[in-house]
2 protein chains.
Amino acid sequence: MATPRTTPSRPDALTLEVVELIGSVVARYHEEYEEAAAGHALTGAQARLLSLLCLEPLPMRRLAQRLKCEPSNVTGIVDRLESRGLVERRPDPADRRVKLAAATPEGRQVARNMQNSLRFAREPLAGLSEEERVALRDALRRMLSAD
Amino acid sequence: MATPRTTPSRPDALTLEVVELIGSVVARYHEEYEEAAAGHALTGAQARLLSLLCLEPLPMRRLAQRLKCEPSNVTGIVDRLESRGLVERRPDPADRRVKLAAATPEGRQVARNMQNSLRFAREPLAGLSEEERVALRDALRRMLSAD
DNA sequence: TATTGTTATACTCTATAACTATA
DNA sequence: TATAGTTATAGAGTATAACAATA
């Protein structure tokens with residue numbers, strides 16, 4: 001194992017700095033996401049839901065799972081997007097209890113515009129060489145699978 | 001410059017993967033932060049405010065700046081923390097308009113407990129060697145200053 | 001006059017519980 | 001009976017505008 005034998009409760013200065021840097025990246029990412037959403041008159045939750053629906057229509061229930069919130073909340077978020085014509089509800093032919101939420105063409109356009117205005121989420125790597133990107137990719141992969 | 005000359009609108013596969021990994025880290029970090037806060041009966045906003053006050057007492061106005069919200073919101077968040085005895089308001093001897101919010105000893109203890117339960121923010125680096133941590137630190141630094 | 005903190009208001013997000021229509 | 005979606009309700013965060021106390 002590559003882990004140095006230090007007391008878990010007293011991480012070394014390097015580890016502390018990396019953890020703080022990750023916190024900064026997280027904060028920065030979130031700020032810019034909310035900002036980009038607000039620039040298109042969307043809340044963060046609306047923007048996340050709309051982005052999901054741009055990939056494929058989804059039952060309300062699955063939207064709640066993806067957004068990690070209760071199904072009852074999805075009703076309101078979809079209501080607001082639907083009243084703006086960005087999302088629509090369709091019946092599911094296979095199960096009449098299910099409603100499929102789907103992005104309209106206008107909804108997809110708004111989502112695209114928003115994602116294009118997300119500079120930091122798109123270009124955070126401008127200053128890194130290919131070698132550095134590979135190293136960063138490997139480190140991030142390992143972080144996410146370390147659980 | 002180390003940036004390869006590709007069209008900005010069509011990033012290469014490596015870049016796309018790294019961007020997606022960063023998104024995953026951000027999502028994971030946020031989930032665990034909210035979870036840790038909820039475990040101590042705090043909302044995310046309350047946890048962030050309390051963590052700030054653990055470093056030093058701050059005027060309400062500065063808290064709003066740090067949390068990137070309107071000063072009127074800080075009143076309510078501090079109210080709720082104060083009613084639980086985790087935060088207190090003190091007069092500022094230098095300016096009688098100002099109220100300094102400060103964490104109580106109990107508030108500091110709750111914040112410490114919460115931070116200790118943040119595993120992902122603390123131990124995502126367990127699988128990385130010191131060399132890799134240095135490379136990760138440098139890459140993150142450059143990402144954050146690339147603006 | 002300008003600034004600090006607060007109040008009042010309205011909207012959104014959130015969880016919980018109860019309801020309906022299907023299955 | 002179980003499930004999908006909704007409604008009703010209450011608490012919290014948010015922005016805006018107006019206010020009192022102080023500078």
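All chains are named by letter (A, B, ...) in the order of the sequence lines, taking the proteins before the strands, and each is independently numbered beginning at 1. Since the model is a prediction, treat every value here as computed from it, not as a measurement.
Using a 4.0 Å cutoff on non-hydrogen atoms, the parts of residues 85-104 of chain B near DNA chain D are B:Asp95, B:Arg96, B:Arg97, ordered by number. Within residues 43-69 of chain A, the residues having any heavy atom under 4.0 Å from DNA chain C are, by residue number, A:Thr43, A:Ala45, A:Gln46, A:Cys69.
The side chain to side chain donor-acceptor pair (under 3.5 Å) test applied to A:Gln109 returns A:Arg112, A:Asn113, not counting sequence neighbours. Remark: A:Asp138 engages no residue in a side chain to side chain donor-acceptor pair (under 3.5 Å) (not counting sequence neighbours). Listed by chain and residue number, A:Arg137, A:Arg141, B:Leu21 satisfy the side-chain contact (heavy atoms from CB on, under 4.5 Å) test with B:Glu17 (two or more places apart in sequence, or in another chain). Listed by chain and number, the residues in a side chain to side chain donor-acceptor pair (under 3.5 Å) with A:Arg96 amount to none (sequence neighbours excluded). The side chain to side chain donor-acceptor pair (under 3.5 Å) search around B:Asp92 returns none, not counting sequence neighbours.
Going from atom CD of B:Glu34 over to atom C1' of C:dC13 covers 12 Å, rounded to whole Å. To the nearest angstrom, P of C:dT7 lies 14 Å from CD1 of B:Ile77. Between the NE2 atom of A:His30 and the P atom of D:dT14 there is a distance of 12 Å, rounded to whole Å.
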Measure all distances between protein nitrogen or oxygen atoms and nitrogen or oxygen atoms of nucleotides 16-20 of chain C, and list the pairs falling under 3.5 Å.
{"from": "C:dT16", "atom 1": "O4", "to": "A:Ser72", "atom 2": "OG", "distance (Å)": "2.6"}

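Sequence neighbours left out, not one pair with a member in residues 98-107 of chain B passes side-chain hydrogen bond (donor to acceptor under 3.5 Å, both in side chains). Here side-chain hydrogen bond (donor to acceptor under 3.5 Å, both in side chains) pairs that include residues 43-72 of chain B, with residues two or more places apart or in two chains, are B:Ser51-B:Gln115.
Grouped by direct or indirect side-chain proximity (heavy atoms under 4.5 Å, Ile/Leu/Val/Met/Phe/Trp/Tyr only), A:Leu100 sits with A:Val98. Through direct or relayed side-chain contacts under 4.5 Å between Ile, Leu, Val, Met, Phe, Trp and Tyr, A:Leu55 connects to no other residue.
Not a single donor-acceptor pair under 3.5 Å links the side chain of A:Arg90 to the backbone N or O of A:Pro57.
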